[in-house]
*Asks:* 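My questions will all concern the structure given below.
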Amino acid sequence: MIAIPRSRAQLNVPRWHARFLTFLPVITSYARNAFSDRDPESRDDLVEEVVVNALIAFKRLYDKGK
């Protein structure tokens with residue numbers, strides 16, 4: 001039988017990661033709108049790049065206590 005984790009603690013997800021996930025839909029939406037004039041493949045690549053940059057910036061700010 002496979003045990004299914006029921007909470008963040010069981011998944012061992014860092015607090016900053018869970019907090020970032022709450023911002024992710026808004027970040028993605030803004031990025032998609034910003035690149036709406038691009039072809040779908042380029043838009044997807046650019047949105048991914050925005051998400052990664054936002055994640056790195058968020059983690060740095062979290063580490064500084066901001």
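These numbers come from the heavy atoms of this one structure, side chains and all, not from hydrogens, waters or symmetry mates.
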*Asks:* Considering only distance and modelled atom types, tabulate donor-acceptor pairs under 3.5 Å from the side chains of residues 52-66, sequence neighbours left out.
*Replies:*
| unit_1 | atom_1 | unit_2 | atom_2 | d |
| --- | --- | --- | --- | --- |
| Asn53 | ND2 | Glu49 | O | 3.1 |
| Lys59 | NZ | Asp63 | OD1 | 2.7 |
| Lys59 | NZ | Asp63 | OD2 | 2.9 |

*Asks:* Closest heavy-atom contact between Val13 and Ala18?
*Replies:*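 In this case the closest contact between Val13 and Ala18 is CG1-N, 4.2 Å.
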*Asks:* Which heavy-atom pair separates Val51 from Phe20 by the least distance, and what is that distance?
*Replies:*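 Shortest heavy-atom separation between Val51 and Phe20 comes out as O-CZ, 4.0 Å.
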*Asks:* Could you tell me which residues satisfy side chain to side chain donor-acceptor pair (under 3.5 Å) with Ser29, sequence neighbours excluded, listed by chain and number?
*Replies:* none
*Asks:* Output yes when a side-chain donor or acceptor of Ser42 lies under 3.5 Å from a complementary backbone atom of Arg38, and no otherwise.
*Replies:* no
*Asks:* Tell me, please, which residues at least two apart from Arg32 pass salt bridge (charged side-chain N to carboxylate O under 4.0 Å, His left out).
*Replies:*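 For Arg32, the residues satisfying salt bridge (charged side-chain N to carboxylate O under 4.0 Å, His left out) (neighbours in sequence not counted) are Asp44.
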*Asks:* Which residues, ordered by chain and number, are linked to Val26 in its hydrophobic cluster, where ILVMFWY side chains connect at heavy-atom gaps below 4.5 Å, directly or through other members?
*Replies:*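 Result for Val26 is Tyr30.
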*Asks:* Please identify each residue that fulfils side chain to side chain donor-acceptor pair (under 3.5 Å) with Asn33, with sequence neighbours left out.
*Replies:*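 Counting only residues at least two positions away or on another chain, Asn33 forms no side chain to side chain donor-acceptor pair (under 3.5 Å).
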*Asks:* When you measure from the side chain of Thr22 to the backbone of Arg19, do you find a donor-acceptor pair of N or O atoms at a distance under 3.5 Å?
*Replies:* yes
